[in-house]
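Here the structure is laid out as structure tokens; the discussion comes afterwards.
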Amino acid sequence: MNMITSVFLLYATEEESFWLLVSVVERLLPDYYNKKVVGAIVDQNVFEILLKENLPDLHRHLAKLGVLKMVTMSWFLTLFLSIVPFSSAIHFVDCFFYEGTKFLFQTAIEILRSNEVALLSVSDDGEAMQLLNE
């Protein structure tokens, strides 16, 4: 949440940032930021189905390596702010507020699609994690 909040604080007052964060936590991503992160786990399972339908070869390969859920958990919890350039952060937040969780799924699919060839060539989870967190 700190990454999301820091972007809010750059463009809004403290009070506006607080209410934006409340909106994310209570309305847009319910159950994402509690002890069990149930909402994020549910969305990861949905994403896995989407990946299997859209990029089946990559899904099989990432499942074999066991990295998909590790990477997507970070992406979803930070709205991709942990991997995008700082100059793009506000655009990601803006798209998220407009599209909701659909944005998370679409962005993750496109990140994987754009790295598909490289990901299919990696042979261990460390290489895949490094590639996806660049």
Side-chain angles (χ1 to χ4, degrees):
M1 275 192 290
N2 61 337
M3 287 186 183
I4 298 167
T5 305
S6 65
V7 172
F8 291 164
L9 287 168
L10 289 173
Y11 296 96
T13 66
E14 287 180 18
E15 183 177 354
E16 291 167 337
S17 296
F18 170 79
W19 289 113
L20 287 168
L21 188 61
V22 167
S23 178
V24 168
V25 171
E26 292 182 359
R27 275 188 340 125
L28 296 168
L29 298 175
D31 297 325
Y32 256 60
Y33 302 102
N34 59 24
K35 288 182 182 179
K36 296 183 181 181
V37 292
V38 174
I41 293 169
V42 168
D43 280 352
Q44 281 186 307
N45 292 331
V46 170
F47 177 71
E48 193 166 353
I49 293 167
L50 290 171
L51 184 62
K52 190 182 237 181
E53 291 175 0
N54 290 284
L55 301 168
D57 294 336
L58 185 58
H59 174 267
R60 271 190 300 281
H61 187 65
L62 293 177
K64 185 176 79 175
L65 295 176
V67 297
L68 185 61
K69 290 191 177 185
M70 285 188 290
V71 171
T72 56
M73 179 66 81
S74 171
W75 288 353
F76 289 1
L77 289 176
T78 65
L79 306 180
F80 300 95
L81 299 178
S82 60
I83 61 166
V84 299
F86 180 74
S87 59
S88 301
I90 193 66
H91 301 293
F92 273 68
V93 170
D94 190 37
C95 289
F96 172 72
F97 272 107
Y98 186 73
E99 294 286 340
T101 54
K102 178 180 169 183
F103 167 77
L104 299 177
F105 300 137
Q106 290 174 331
T107 303
I109 289 283
E110 288 309 312
I111 289 171
L112 293 174
R113 186 185 319 273
S114 67
N115 290 293
E116 183 174 15
V117 173
L119 284 167
L120 288 172
S121 70
V122 301
S123 57
D124 67 42
D125 58 345
E127 286 180 90
M129 292 287 290
Q130 184 177 2
L131 181 66
L132 290 172
N133 285 317
E134 290 179 345

For [Y], is there any backbone N or O sitting under 3.5 Å from a side-chain donor or acceptor partner on [X]?
{"X": "N115", "Y": "A118", "answer": "no"}
{"X": "S23", "Y": "W19", "answer": "no"}
{"X": "Y33", "Y": "L77", "answer": "yes"}
{"X": "H59", "Y": "N54", "answer": "no"}
{"X": "S17", "Y": "F8", "answer": "yes"}

Under a 4.5 Å side-chain heavy-atom rule over Ile, Leu, Val, Met, Phe, Trp and Tyr, are [X] and [Y] clustered together?
{"X": "V46", "Y": "L79", "result": "yes"}
{"X": "Y32", "Y": "F18", "result": "no"}
{"X": "V67", "Y": "I49", "result": "no"}
{"X": "F96", "Y": "L9", "result": "no"}
{"X": "F86", "Y": "I4", "result": "yes"}

Legend entry - Sole candidate of I109, I111, L104 that passes side chain to side chain contact (heavy atoms under 4.5 Å, CB included) when paired with T107: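 Of the listed options, the one satisfying the test is I111.
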Do [X] and [Y] come within less than 4.5 Å of each other through their side chains, counting heavy atoms only?
{"X": "I41", "Y": "M73", "answer": "yes"}
{"X": "L112", "Y": "L62", "answer": "yes"}
{"X": "V22", "Y": "R27", "answer": "no"}
{"X": "V93", "Y": "L81", "answer": "yes"}
{"X": "F76", "Y": "T101", "answer": "no"}

Legend entry - Minimum heavy-atom distance V37-N34, with the two atoms named: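 Looking at all heavy atoms of both residues, the closest pair is N-OD1, 2.8 Å.
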Legend entry - Distance-minimising heavy-atom pair for L65 and D125: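 In terms of heavy atoms, the two residues are closest at O-CB, 3.6 Å.
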Legend entry - Atom CD of Q130: over 12 foreign heavy atoms under 6.0 Å: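 Check fails, neighbour count at 12 or below.
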Legend entry - Output field: ring centroids F92/F103 closer than 6.0 Å: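 Yes: the rings meet the under 6.0 Å criterion.
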Legend entry - Charged N-O contact under 4.0 Å between E110 and R113: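 A salt bridge is present here (some side-chain N lies under 4.0 Å from a carboxylate O).
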Legend entry - From CA spacing to verdict: side-chain contact (heavy atoms from CB on, under 4.5 Å), L119, E127: CA-CA 8 Å; L119 284 167; E127 286 180 90; over 6 Å; no
